[in-house]
Amino acid sequence: MNFSELFKQSGQLCKFSPDGKYLANAVQYRLIVRDVKSLQITQLYTCLDAIQQFEWSSDSCFLLCGMYKRGLVQVWSLEEPEWTCKIDEGSAGLTDVRWSPDGRHVLTTADFQLRITVWSLLNKSVSYIKYPKQCQKGIDFSKGGKYMALAERRDCKDYISIFVCSTWLLVKHFNTDTEDLAGLEWSPDSRVLAVWDSCLQYKLMLYSVDGRCLATYKAYDFALGIKSIAWSPTSQFLAIGSYDQKVRILNHITWKTVAEHDHPATMENNNVVAYREVEMKPNVQLEFPISQQTFSIQSKYEVIEGLTMVPLIKPDLNKANPRLGVGTVSFSPDNKYMYTRNDNMPHALWIWDVMRLNLVVVLIQVNPIRCVSWDTCNTRLALCTASNKVFMWSPAGSLSVEVPAEASFQISSLKWHPDGNALLLMGKDQMCMCFLAEESDGAA
């Protein structure tokens with residue numbers, strides 16, 4: 001592994017371009033674009049206010065910057081640096097901005113979810129979509145960008161509208177049997193739309209493109225319900241993380257449960273490899289006082305033999321959004337593995353074999369896990385714990401690598417390069433690149 005120097009960034013607004021050639025990051029009101037290989041600055045854009053969000057277009061030709069405080073959006077072109085575009089929502093305000101799949105339309109959401117405005121960069125036309133609902137995930141584009149599903153709230157009822165992104169025409173509008181729709185997500189094959197209710201009602205519904213309800217799933221009643229969902233890359237499985245600390249796997253034929261995985265605090269290591277991070281403090285004796293941060297604490301993984309005890313944190317049920325239940329679930333791009341993170345066990349990462357539908361690995365960290373991400377090309381994942389180390393796992397094993405940077409650089413978020421040959425590591429106000437040697441077998 002080779003690490004770059006540290007660069008300034010603001011708000012962890014750092015993203016690779018979809019084609020993998022560039023890395024863009026925001027520093028207050030400036031947007032900096034670097035070449036990924038040399039990390040030299042290729043473009044520098046100055047916005048009218050502090051950048052609160054930015055996004056690449058799908059073809060990596062344009063960048064948009066959202067400045068919510070002023071209700072402004074600025075669009076920049078990489079091919080024509082002199083060209084610029086400014087979108088002003090005015091008194092309507094701005095709460096969200098995103099690209100359409102074609103990279104030539106900008107969607108802005110006004111304050112109080114009054115409307116969504118579609119701005120065309122091709123002919124400067126403007127279209128309005130009324131009644132968008134403010135929820136966990138109210139907009140989702142199908143893979144390939146043909147359809148857009150939008151959650152709506154009219155007359156105290158939930159509805160879904162399906163638009164064709166090429167013309168922005170409404171092709172289907174139907175109501176849903178939800179008390180308070182919390183989110184929706186297309187399957188990777190764009191055939192099924194998953195819709196789930198708020199955490200107060202355990203209800204998940206699956207709709208076809210023409211609005212037919214294919215199935216309704218409820219695991220239990222009278223308790224907090226769905227916390228997270230994830231489609232498998234092949235659309236064969238739908239994983240549902242729940243507040244009861246279980247993840248349930250539905251199949252795409254009958255939409256029935258094919259597996260139900262628990263997250264026990266104590267378990268036998270039968271056919272499961274348990275890795276525990278162990279810190280190794282430097283054995284240095286000095287005759288004069290010195291800061292403890294002068295010598296960094298190294299760590300390594302040890303395999304746990306026998307009984308495994310997973311650290312458990314008791315959530316405060318008197319507070320809103322308790323840290324309880326499976327808050328993160330994700331399939332590997334090759335559909336061989338799936339990881340879960342139980343929020344009241346923040347030190348542990350659970351890795352499951354998709355074909356066998358059983359647990360194969362548990363990683364137990366010293367500090368709570370902050371971010372986990374699958375490699376886009378190889379069967380491996382990386383995670384960070386707000387320390388100066390990056391941790392990786394693959395079927396070949398696990399490793400811990402210390403970033404040779406200042407002791408104050410603590411990695412709280414990370415992203416894979418689209419080619420899987422580099423990692424972007426982000427701290428509070430700094431970032432660096434980690435370049436990895438290419439592995440043909442996917443080993444970390």
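Between the side chain of T42 and the backbone N or O of V33 there is at least one donor-acceptor pair closer than 3.5 Å. Judged purely by atom type and a 3.5 angstrom limit, Q43 has no side-chain atom pairing as donor or acceptor with the backbone of P81. In this structure, the side chain of S187 engages the main chain of V192 through a donor-acceptor pair within 3.5 Å. Looking only at distances, no side-chain donor or acceptor of T266 sits under 3.5 Å from a matching main-chain atom of L307. Looking only at distances, a side-chain donor or acceptor of D140 sits under 3.5 Å from a matching main-chain atom of W186. Using modelled atom types, no side-chain atom of Q430 and backbone atom of K8 make a donor-acceptor pair closer than 3.5 Å. The backbone N or O of P418 lies less than 3.5 Å from a partner atom in the side chain of T376, making a donor-acceptor pair. A distance-only check finds no donor-acceptor pair linking the side chain of T178 to the backbone of D197 [under 3.5 Å]. The main-chain N or O of Y147 is found under 3.5 Å from a side-chain atom of S142 such that the two form a donor-acceptor pair. Proximity of a side-chain donor or acceptor of Q245 to a complementary backbone N or O of N342 within less than 3.5 Å is not detected.
Rounded to the nearest 0.5 Å, atoms CD1 (I87) and CG (L72) are 10.0 Å apart. Note that CG of L383 and CG of L414 are 7.5 Å apart. Values are rounded to the nearest 0.5 Å. Between K203 atom NZ and D180 atom CG the span is 12.0 Å, to the nearest 0.5 Å. Rounding to the nearest 0.5 Å gives a distance of 10.5 Å between NZ of K227 and CD of Q136. If you take CG on L122 and CZ on R104, they are separated by 7.0 Å, rounding to the nearest 0.5 Å. Note that CG of L121 is 11.5 Å distant from SG of C61, once rounded to the nearest 0.5 Å.
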- Query: When you look at L63 and V75, which way does the side chain to side chain contact (heavy atoms under 4.5 Å, CB included) test go after all the steps?
  - Reply: CA-CA 6 Å; L63 282 154; V75 184; over 6 Å; no

- Item | Trace of the side chain to side chain contact (heavy atoms under 4.5 Å, CB included) decision for K336 with V354 | CA-CA 5 Å; K336 292 182 179 179; V354 174; 5.8 Å; no

- Task: Quick one: do I32 and L44 satisfy side chain to side chain contact (heavy atoms under 4.5 Å, CB included)? Show the steps, please.
- Result: CA-CA 5 Å; I32 302 170; L44 179 62; 3.5 Å; yes

- Given Y29 and T46, is the side chain to side chain contact (heavy atoms under 4.5 Å, CB included) satisfied, shown in steps? CA-CA 6 Å; Y29 57 90; T46 303; 3.6 Å; yes

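By the 4.5 Å heavy-atom criterion applied to side chains, N378 and S394 are not counted as neighbours. Counting heavy atoms from C-beta on, the side chains of V310 and H263 never come closer than 4.5 Å. Side-chain contact between C165 and D102 is absent, with no heavy atoms from C-beta onward closer than 4.5 Å. Inter-residue side-chain proximity for Y45 and Q74 is flagged as unmet; no heavy-atom pair is nearer than 4.5 Å. Side-chain atoms of N271 and R356, non-hydrogen and from C-beta on, never get closer than 4.5 Å to each other. You'll find the side chain of L200 reaches within 4.5 Å of the side chain of L224, heavy atoms only. Using a 4.5 Å cut-off on side-chain heavy atoms (C-beta onward), M148 and L107 make contact. The shortest side-chain heavy-atom distance between T117 and V126 falls under the 4.5 Å cut-off.
In this structure, the ring of W99 has its center no less than 6.0 angstrom from the ring center of F141.
Legend: residues meeting side chain to side chain donor-acceptor pair (under 3.5 Å) with R276, ordered by chain and number and at least two apart, are absent. With sequence neighbours excluded, no residue satisfies side chain to side chain donor-acceptor pair (under 3.5 Å) with R370. Evaluation of the side chain to side chain donor-acceptor pair (under 3.5 Å) rule for D19 yields S17, S60 as partners, not counting sequence neighbours. Listed by chain and number, the residues in a ring pair (Phe, Tyr, Trp, His ring centres under 6.0 Å) with Y220 are Y202 (sequence neighbours excluded). By the side chain to side chain donor-acceptor pair (under 3.5 Å) test, D244 is found to be paired with R248, residues two or more places apart in sequence or in another chain being considered.
When each of M345, H261, R341 is tested with W350 by the rule side chain to side chain contact (heavy atoms under 4.5 Å, CB included), just one qualifies, namely M345. No option in K389, E277, E279 other than E277 meets the side-chain hydrogen bond (donor to acceptor under 3.5 Å, both in side chains) test with S299.
Of all heavy-atom pairs between Y217 and L250, the closest is CE1-CD2, 3.7 Å. Across S232 and N335, no two heavy atoms sit closer than the pair CB-OD1, 3.2 Å. Across all their heavy atoms, M426 and Q12 have their closest contact at SD-O, 3.8 Å. Of all the heavy atoms in S4 and L39, the pair that sits closest is CB-CD1, 3.4 Å. Residues S58 and G103 share a closest heavy-atom pair of OG-N, 3.8 Å. Of all heavy-atom pairs spanning L424 and C14, the tightest one is CD2-CB, 3.5 Å.
Side-chain N/O atoms of T308 and N269 include a donor and acceptor closer than 3.5 Å. Side chains of Q365 and Y301: a donor-acceptor N/O pair is present below 3.5 angstrom, by distance only.
Other residues, nucleotides and ligands contribute more than 12 heavy atoms inside 6.0 Å of the CG atom of D316. For K143, the NZ atom sits in a loose shell: 12 or fewer heavy atoms of surrounding residues, nucleotides or ligands are nearer than 6.0 Å. In this structure, E260 places its CD atom where more than 12 heavy-atom neighbours from other residues, nucleotides or ligands lie under 6.0 Å away.
For the ring pair (Phe, Tyr, Trp, His ring centres under 6.0 Å) condition, the pairs that include at least one residue of residues 315-349, sequence neighbours left out, are Y337-W393, Y339-W374.
Using a cut-off of 4.0 Å between Lys/Arg side-chain N and Asp/Glu carboxylate O, D158 and R153 are scored as salt-bridged. One finds a salt bridge joining R98 and D96 here, because a Lys/Arg side-chain nitrogen approaches an Asp/Glu carboxylate oxygen to under 4.0 Å. Looking at E89 and R115, a side-chain N of the basic residue comes within less than 4.0 Å of a carboxylate O on the acidic one, giving a salt bridge.
Stacking of K15 on the aromatic ring of F54 is recorded, both the 6.0 Å distance cut-off and the 45° axial limit being met. Taking the ring axis of F7 as reference, the NZ or CZ atom of R34 stays within 45° of it and closer than 6.0 Å to the ring centre.
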